[in-house]
Amino acid sequence: MTRAHEMNDAEIKEKSVSNGKLGVFIETYGCQMNEYDSELVRAILLKESFREVAGLDDADVVLLNTCAVREHAHNRIYGRLQQLSHIKKTRELTVGVLGCMAQNLKMELLDNNLHVDIVAGPDSYRNLPRLIRESRDDKKQTSSIDLSEFETYDDIYPERREGVNAWVAIMRGCDNFCTFCVVPYTRGRERSRPFESVLEETSRLVADGYTQVSLLGQNVNSYEHNGRRFADLIAAVADIPGIRRVRFTSPHPKDFPDDLLQAIKSHPHICKHVHLPLQAGSDRILKMMRRLHNGGQFVDLSSHIRDTIPGVILTTDVILGFPTESREEFMETVKVMETVKFDSAFIFNYSERKGTVARRRWKDDIPPEEKKYRITYLNDVQRNISLEQNRRHIGEIHEILVEGPSKRNPSDWSGRNDGNKLVIFPHTSEKAGDYINVRITAASPNAMKGTRL
Ligand code: SF4
């Protein structure tokens, strides 16, 4: 087993023998960019006089890397902070809030009685060692939330802990200002990481045993460094010896370049999977969201992608119940979903986020029971489409990157095919990180089953 394929609790413990170093426990909420940022934070702290611990019980410092994009994550984090404030009454524990919620709610987090000691936004992680020490030494709250036009952490090699996939951020921030989204305010202006630094990190990942990387950006189509664009970058990453699979997320439908489609089509190591966020099907709602394309253009782009890359897997994100969205407009979203037939979709109800244009301009006026009706309806529609799409693969042979035991039945193992679909198979001698061939024998909306060849 390589370092890529997991560091267990015992190893973390051994690595973290005290030596007078403060024990840090990091909890991550939200998106893959946050997962990646937690790996950066771990690297920054381990370089200084901190050690990682495997659980809260052994921690001197707990850092919550937070998400402000969805209400659900927001509520979970508030619940967690309340639990931690009880623990703080029984022993010394420094509590830090990082990430988008820290950036968005700084004063709220410091002022209320949650007993938060440190608040650090996504561009402030280099300051964390100092913030933690100042907070503990001077028994005071510390914070750093300045956004930077330049910070990409490109000189820091993240400390990854588990899994067969390595996330690699290629850019930070976003300039799109979709009206529902808090990211441009919490992560700042868009900036691309140097081309060479992404290649260097990927080569190091290969040396550490990874064969799959996922390139991350809020809008990868906007990547630009010294005249080189995302299509150049992904092809160069896929060319690195030892790399077998390159994924990416997310492109914006407003500017999907043809050279990227050609790169995906022609490069054997670039996965034939495109995650294309739809958000809504109604032209009026898309305009209110400031998505810069309409429903017809989205459907045309989806057909163009399917025509260019035969067999491509398409997935999406949808927001239901945007302010003033009528039932008829919701049905336009359903229609697009039925037309495009995504392989899977992340479907969410709209919720107001502090600082966004949508919250300033429009009341969250779709009643909860109507939102519930719509999300149930669309989930049912999508479940049937996903089942239909997965059933198409029965009888085919797929190459699977093995991940580990299946969550439902540990005697089965799971892995993912090129299109990122979950495939379950009976375990014999496979190890995480192996590539195996599996014949697909059954399908459900969320996964496929198969037998190893
Ligand atoms: S593209 Fe829109 S939804 Fe995506 S991060 Fe940027 S503002 Fe948010």
Side-chain angles (χ1 to χ4, degrees), residues 29-37 65-74 99-104 121-123 147-149 151-152 167 169-193 214-224 229-230 247-257 260 274-283 285-295 297-298 301 315-323 325 333 336 342 345-362 364:
Y29 299 78
C31 66
Q32 295 96 354
M33 191 61 96
N34 263 13
E35 296 285 344
Y36 183 82
D37 279 2
N65 192 2
T66 63
C67 170
V69 172
R70 310 232 178 266
E71 194 168 19
H72 177 66
H74 186 277
C100 288
M101 214 167 129
Q103 193 71 37
N104 209 26
D123 288 345
L147 288 173
S148 156
E149 284 176 39
E151 179 63 271
T152 59
W167 298 104
I170 60 161
M171 55 201 300
R172 297 181 75 86
C174 183
D175 283 353
N176 283 318
F177 291 93
C178 301
T179 57
F180 55 82
C181 185
V182 74
V183 165
Y185 309 99
T186 58
R187 291 188 166 271
R189 303 313 298 260
E190 185 177 282
R191 61 224 107 111
S192 295
R193 185 173 164 189
S214 296
L215 305 182
L216 265 182
Q218 307 296 348
N219 176 18
V220 293
N221 296 349
S222 305
Y223 178 88
E224 197 275 334
R229 306 299 310 258
F230 183 59
R247 304 187 181 283
F248 66 100
T249 195
S250 293
H252 196 300
K254 73 179 165 64
D255 55 1
F256 205 110
L260 176 56
V274 177
H275 184 77
L276 197 64
L278 165 66
Q279 308 302 10
S282 143
D283 291 352
I285 297 298
L286 283 168
K287 197 165 178 198
M288 286 174 75
M289 289 178 163
R290 205 176 173 278
R291 291 293 289 172
L292 307 176
H293 60 83
N294 60 35
Q297 287 165 334
F298 186 95
L301 174 62
T315 56
T316 197
D317 300 323
V318 180
I319 296 174
L320 301 177
F322 193 77
E325 184 187 61
T333 302
V336 174
F342 295 102
F346 295 104
I347 301 170
F348 297 96
N349 278 327
Y350 171 79
S351 62
E352 282 185 339
R353 307 304 336 134
K354 191 181 167 200
T356 59
V357 172
R359 176 168 148 150
R360 283 200 300 277
R361 279 198 198 150
W362 304 295
D364 182 8

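Note that the structure is a prediction, hence the values are computed from the model and not measured. Remember, it's 1-based here, ligands and their atoms both numbered in the order they're listed. Just so you know, these numbers use all the heavy atoms, side chains as well, and skip hydrogens, waters and symmetry mates.
Cys178 is not listed as a side-chain neighbour of Met289, based on a closest heavy-atom distance of 4.5 Å or more. Contact annotation: the side chain of Thr179 approaches that of Trp362 to within less than 4.5 Å [non-hydrogen atoms, C-beta and beyond]. Side-chain contact between Phe298 and Leu278 is present, with at least one heavy-atom pair separated by less than 4.5 Å. Side-chain contact between Gln32 and Ser214 is absent, with no heavy-atom pair separated by less than 4.5 Å.
Arg189 meets the side chain to side chain donor-acceptor pair (under 3.5 Å) test with Asp175; sequence neighbours excluded.
Only the side chain of Arg291 comes within contact range of ligand 1, with a heavy atom under 4.0 Å; no backbone atom does.
For atom 8 (Fe) of ligand 1, the nearby protein N/O/S atoms, meaning those under 2.8 Å, are Cys181 SG.
Looking only at distances, no side-chain donor or acceptor of Asp364 sits under 3.5 Å from a matching main-chain atom of Ser351.
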